[in-house]
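Order of the sequence lines fixes the chain letters, A, B, ..., with proteins taken first and strands second; residue numbering starts at 1 for each chain. Values in this document were obtained by computation on a predicted structure and should not be read as measured data.
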Amino acid sequence: MELISNLGLGFATAFSFWNLAYCLIGVFLGTAIGVLPGLGPVATIAMLLPVTFGLSPETAMIMLAGIFYGAQYGGSTTAILVNLPGESSSVVTALDGYQMARQGHAGKALATAAIGSFIAGTIATVVIAFIAPALSNIALAFGPREYFSLMVLGLVASVVLASGSLLHAIGMIVLGLLLGLIGTDVNSGTLRYTFGRFELADGISFVVVAMGMFGIGEILVNLENETTRTMLSRKVEGLMPTRADLRRIMAPVARGTTIGSVLGILPGGGAMLASFAAYALEKKVSRQPERFGHGAIEGVAGPESANNAAAQTSFIPMLTLGIPSNPTMALMIGALIMQGIQPGPSVISEQPALFWGLIVSMWIGNVMLLVLNLPLIGLWVRMIGIPYHFLYPCIVFFCVIGVFSINNATFDIWLMALFGVAGYVLRKLDCEPAPLLLGFVLGPMLEEHLRRAMLISKGDPTGFFTSPISAGLLFVAAALLISILLPAIRNKREEAFQEEE
Amino acid sequence: MTSNFQSKDFWAGSVYVAIGLAALVIAQDYKMGTAARMGAGYFPTVLSGILILIGLASILRSFTSKGEAVGRIQLRPLILVVGSTLIFAASVRFLGTLIAVPLMCLLAASASRLFRISLPALGALALLTAFCVLVFQMGLGVPLPILGSLFGA
């Protein structure tokens, strides 16, 4: 059994003292920052990314993954306690979670979220261990044509499955692709869009883009509707769910995990879609759908498991294909490249310790979350209580220092400021910055594969359609785009994203 | 008929077209190459073209359907928060982090409507500055001066 020996390697890597320590630090920091209202996982990871620069690739990825699911879980805590979802995927959790908290069942809601996330995370980890190697074997046979088509599909899918205007999402992707071209062209050595600045010769660091758009840009948006938050209660009691509660959440957790695992693997899918779908399903199968929105425990258990499972399985396309399905995974890809690892199907065979260590550490991280979060809930509650006008100057500080430390250059701070303004203005125009980040990370790879593919086919673009895999991928992308333009499905999509109101 | 020119679609489209045109013009300085052997200018030209088309589509949509108007851009937070990072970038080598960090944070904080100088706020500021010096500069070795050239360091 190859799987067993691989997992053995994973356990050996993940259980080394430093990797365990950094996993714990990552989970802790991720949760601590994730609970802070107004700070999503993207901003959290971007802020903490510079901390991992000095670490080995395995340790850095293990820590980043820890930060990621820590932040994810922290976001749910905030959604339940103050009805302020830090990210789109915990919007659904806030619906019933906050109602439960208002009825005095905050502890039970938090425990449900923790247990659901743990079970979902465990199962999703197993799913990754089985599917990822198989998928990377298929992907190893991919040539530049297939890769190009796959990236197109990934970008299209991320647009279709996201909320908001289709036109603007595509516009932001193209804008991101263009931004990704800044720097030296690898083939000819031409400096492109550098405006004579030598600092731009290596391109813009994705940390600068992420921190500007998501860190600074989000602050500017948040400052617009500044309100004083009301915290329900400083004390959270009754953490342990009763046996009856456990019985009630089992089925929703199982359904949520299944939905999340499947949707997470899809390119462009991910946590948000999964939690919306799980909520809709729970409401549909429930015998008393009218309870939803008024503190139904199933409405917390299903979506929470789904978004955690999806968050976990979205690592699959990232690790095996090098394709990010959401901005968080785009950051992970950027981190891999910074560590000198080219993301793609060869990661598993060339970096087995990294790959399997990361998978095992995901499960360990989930255990840590469960063990850490429930006892530390008092601390998280105190952190949520920090007023935003105290908080955001600190975020500004961390962004500035973090961006500076990439290249030790103040030029990067100027750039980040520019992206901050752009992030704010674009948001005012309903152009969400998430697709831009995906395009930005994929830009150089997309161009490279396009060039190679066209070189092979001697400039004949029909080559993309004569290769069956490439043609199939492009067909799916086209079908997705067309389907969303059909009125019936379009309405359905709008309906699905309306639930948050 | 003012509403069309105030809509989000119109402005977003204009932004796309402007950036696309700029990118297209600049890309003409790079070698185009052929479809088989693409030069440095090929892909940027294609992307700029697509971006311009999307922009035009968005502008067109703003005239055919009634869109939302752009919300007010709040200049005060924009200038104070972004300005604080720029002032930090410009002054940190001269002032050193011991002064530049509190300066940046105070400036950024003043963007909030709830901003007021209080004892806990000043305490937090001192704590953050100490954190910067101890963790980032002494611990992680970020090469910024604690005391800048102003103090002859």
Side-chain angles (χ1 to χ4, degrees), chain A residues 50-51 54 165 167-168 170-171 174-175 177-178 181 185 187-190 192-193 216 219-220 223-224 226 228 387-390 392-394 396-397 399-401 404-405 408 410-411 413-414 416-418 420-421 424-426 428-431 443 446-447 450-451 454-455 457-461, chain B residues 8 11-12 15-16 19 23 26-27 30-31 34-44 47-48 50-51 54-55 57-58 61 68 70-71 73-74 77-78 81-82 84-86 88-90 92-93 101 104-106 108-109 111-115 120-121 124-125 128 132 136 140 142-144:
Chain A
V51 182
S165 159
L167 190 65
H168 290 323
I170 299 179
V174 177
L175 197 56
L177 290 171
L178 265 175
L181 298 185
D185 171 32
N187 282 26
S188 63
T190 313
R192 292 190 290 189
Y193 303 110
I216 305 289
I219 290 177
L220 294 172
L223 280 178
E224 272 191 356
E226 224 181 328
T228 35
Y388 193 67
H389 59 280
F390 270 43
Y392 80 85
C394 302
V396 173
F397 162 76
C399 286
V400 166
I401 290 287
F404 174 82
S405 65
N408 295 329
T410 44
F411 179 78
I413 304 180
W414 296 89
M416 179 189 71
L418 191 70
V421 176
Y424 172 66
V425 172
L426 287 170
K428 295 295 275 187
L429 298 174
D430 276 352
C431 303
L446 195 68
E447 184 185 22
L450 176 68
R451 275 177 166 171
M454 293 298 267
L455 190 63
S457 60
K458 301 192 175 62
D460 181 9
Chain B
K8 290 177 179 175
W11 282 103
V15 169
Y16 293 152
I19 296 177
I26 297 174
Y30 312 136
K31 263 209 192 79
T34 61
R37 287 191 179 275
M38 291 183 188
Y42 199 101
F43 197 52
L47 286 182
S48 320
I50 299 176
L51 193 61
I54 293 172
S58 180
R61 190 167 74 174
E68 261 177 273
V70 181
I73 302 246
Q74 299 208 336
L78 189 72
V81 172
V82 174
S84 75
T85 65
L86 295 181
F88 179 86
V92 63
R93 295 202 197 272
V101 168
M104 168 175 68
C105 292
L106 271 179
S112 165
R113 261 176 274 137
L114 304 166
F115 172 70
L125 199 60
L128 189 70
C132 173
F136 282 106
L140 296 168
V142 173
L144 280 174

Atom [atom1] in [X], atom [atom2] in [Y]: separation rounded to 0.5 Å?
X	Y	atom1	atom2	result
A/Y392	B/C105	OH	SG	10.0 Å
A/F397	B/T85	CZ	OG1	13.5 Å
B/L78	A/I219	CG	CD1	12.0 Å
A/L177	B/L51	CG	CG	10.0 Å
A/T410	B/R93	OG1	CZ	5.5 Å
B/Y16	A/I170	OH	CD1	9.5 Å

Note: vs chain A, highest number of non-hydrogen pairs under 4.5 angstrom among B/A108, B/A40, B/A35 is B/A40
So which of B/F115, B/Y30, B/W11 has the biggest tally of heavy-atom pairs under 4.5 Å with chain A?
B/Y30
Listed by chain and number, what are the side-chain hydrogen bond (donor to acceptor under 3.5 Å, both in side chains) partners of A/Y424, not counting sequence neighbours?
A/E224
For B/K8, what residues pass the side-chain hydrogen bond (donor to acceptor under 3.5 Å, both in side chains) criterion, not counting sequence neighbours?
A/D430, B/E68
If you count heavy-atom pairs within less than 4.5 Å of chain B, which of A/L418, A/L446, A/I401, A/V425 leads?
A/I401
I'd like to know which of A/N187, A/V174, A/V51, A/D185 tops the heavy-atom pair count under 4.5 Å against chain B.
A/V174
Keeping A/R451 on the side-chain end and B/F43 on the backbone end, is there a donor-acceptor pair under 3.5 Å?
no
